[in-house]
K.L.:
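One structure coming up, written as structure tokens, with questions to follow.
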Amino acid sequence: MGLDLGQERTRAVRALDNLLARIEEAQRDLEQAQARLEGLIPMRVVWKKKTCGKDKCRCTRGALHGPYPYLVEHREGKKQEHYLGKGWSPPEGMIAPERFRVLMGEFRERRARLDRLLDRLDEAIEVMRRW
């Protein structure tokens, strides 16, 4: 009994559709977590996507990592950006530090979930190329 390529193709398409739907859901969750963080910080925040520098990473093909939040300040006519990640704590009286940590943790979890799903999509693409 041979392999039914039509049936395998249907299963693969269904699995990819499911994965893409999960990626879209994860992107919406990440955008909501980002909006909650933006609503908490009364200063200008920019969100940047970055490359990591690894040759075979998906970011070299355009699927950048992030977004990562940066606080924008202007001092002495110069623009300064401060990464709002590990080690950053809001200035006293600006926002509730505990609330910031909770929302930042939520944001990181959602970004990590999206990254894992995108990694699975990369794996699926590689399998299909070899097929």
Side-chain angles (χ1 to χ4, degrees):
M1 185 166 160
L3 183 66
D4 183 350
L5 290 179
Q7 189 177 23
E8 288 301 314
R9 181 186 179 283
T10 301
R11 285 180 53 214
V13 168
R14 195 175 308 128
L16 280 174
D17 285 344
N18 181 292
L19 180 57
L20 290 172
R22 292 174 63 198
I23 288 171
E24 288 174 2
E25 177 187 345
Q27 286 174 325
R28 282 191 304 272
D29 288 348
L30 182 62
E31 289 168 1
Q32 290 170 355
Q34 179 177 330
R36 284 190 289 277
L37 266 174
E38 287 174 346
L40 184 66
I41 301 171
M43 297 175 76
R44 183 162 177 247
V45 175
V46 295
W47 299 83
K48 294 184 173 189
K49 292 190 172 201
K50 303 274 188 171
T51 59
C52 67
K54 296 177 185 172
D55 290 338
K56 296 187 180 191
C57 184
R58 70 173 182 268
C59 66
T60 62
R61 295 185 303 276
L64 302 178
H65 301 284
Y68 300 103
Y70 289 82
L71 183 67
V72 177
E73 293 182 295
H74 292 277
R75 289 192 181 162
E76 299 174 9
K78 294 183 181 180
K79 180 172 127 178
Q80 295 180 338
E81 296 179 349
H82 305 283
Y83 174 59
L84 301 183
K86 293 180 182 178
W88 188 83
S89 189
E92 189 71 32
M94 180 179 172
I95 56 177
E98 187 56 37
R99 181 77 177 135
F100 173 80
R101 282 190 284 280
V102 167
L103 290 178
M104 184 56 88
E106 178 184 296
F107 176 79
R108 282 191 196 113
E109 287 173 15
R110 283 166 174 67
R111 190 176 59 212
R113 177 177 177 243
L114 179 58
D115 283 343
R116 288 190 302 272
L117 289 169
L118 289 172
D119 287 343
R120 288 184 62 191
L121 181 60
D122 275 352
E123 292 168 11
I125 290 169
E126 281 304 311
V127 166
M128 293 175 80
R129 282 187 179 141
R130 291 183 296 224
W131 200 26

K.L.:
So, using side-chain hydrogen bond (donor to acceptor under 3.5 Å, both in side chains) as the criterion, who are the partners of R14 when residues are at least two apart?
P.N.:
none
K.L.:
Hydrophobic cluster mates of V102, side-chain heavy atoms under 4.5 angstrom, ILVMFWY only, any path?
P.N.:
none
K.L.:
For the residue pair L16 and A124, what are the closest heavy atoms and their distance?
P.N.:
CD2-CB, 3.9 Å
K.L.:
Please list, chain by chain and in numerical order, all residues satisfying side chain to side chain contact (heavy atoms under 4.5 Å, CB included) with T60, sequence neighbours excluded.
P.N.:
none
K.L.:
Would you mind writing out the side-chain donor-acceptor pairs for residues 38-50 within the sub-3.5 Å range, not counting sequence neighbours?
P.N.:
unit_1, atom_1, unit_2, atom_2, d
E38, OE2, Q34, NE2, 3.4
E38, OE2, W47, NE1, 2.6
K48, NZ, E81, OE1, 2.4
K48, NZ, E81, OE2, 3.4

K.L.:
Can you list every ring-ring contact (aromatic ring centres under 6.0 Å, His included) pair that touches residues 20-42, not counting sequence neighbours?
P.N.:
none
K.L.:
Heavy-atom count check: over 12 atoms from other residues, nucleotides or ligands less than 6.0 Å from R99 CZ?
P.N.:
no
K.L.:
I'd like to check the salt bridge (Lys or Arg N to Asp or Glu O under 4.0 Å) partners of R108; sequence neighbours left out, ordered by chain and number.
P.N.:
none
K.L.:
Just to verify, what does Y83 make a ring pair (Phe, Tyr, Trp, His ring centres under 6.0 Å) with, not counting sequence neighbours?
P.N.:
Y70
K.L.:
For the residue pair F100 and L37, establish whether any side-chain heavy-atom pair is separated by less than 4.5 Å.
P.N.:
yes
K.L.:
Once salt bridge (Lys or Arg N to Asp or Glu O under 4.0 Å) is applied, do any residues pair with E106, and if so which ones, sequence neighbours excluded?
P.N.:
R36
K.L.:
If you round to the nearest 0.5 Å, how far is CD of E31 from CZ of F107?
P.N.:
10.0 Å
K.L.:
Counting only pairs under 3.5 Å, give me each side-chain donor-acceptor contact of residues 111-119, with atom names and distances, residues two or more places apart or in other chains.
P.N.:
unit_1, atom_1, unit_2, atom_2, d
R111, NH1, P67, O, 3.1
R113, NH1, D29, OD2, 3.4
D115, OD1, R58, NH2, 2.8
D119, OD1, R58, NH1, 2.5

K.L.:
Please report the interatomic distance NZ(K56) to CD(E126), rounded to the nearest 0.5 Å.
P.N.:
9.0 Å
K.L.:
Any chain of hydrophobic side-chain contacts (each under 4.5 Å) joining Y68 to L103?
P.N.:
no
K.L.:
Which residue pairs pass the side-chain hydrogen bond (donor to acceptor under 3.5 Å, both in side chains) test when at least one of the two sits in residues 18-28, sequence neighbours left out?
P.N.:
none
K.L.:
Of all residues at least two apart in sequence or in a different chain, which pass the side-chain hydrogen bond (donor to acceptor under 3.5 Å, both in side chains) check with R120?
P.N.:
none
K.L.:
Got a sec, which pairs hit salt bridge (Lys or Arg N to Asp or Glu O under 4.0 Å) with one end in residues 68-78, sequence neighbours left out?
P.N.:
E73-R75
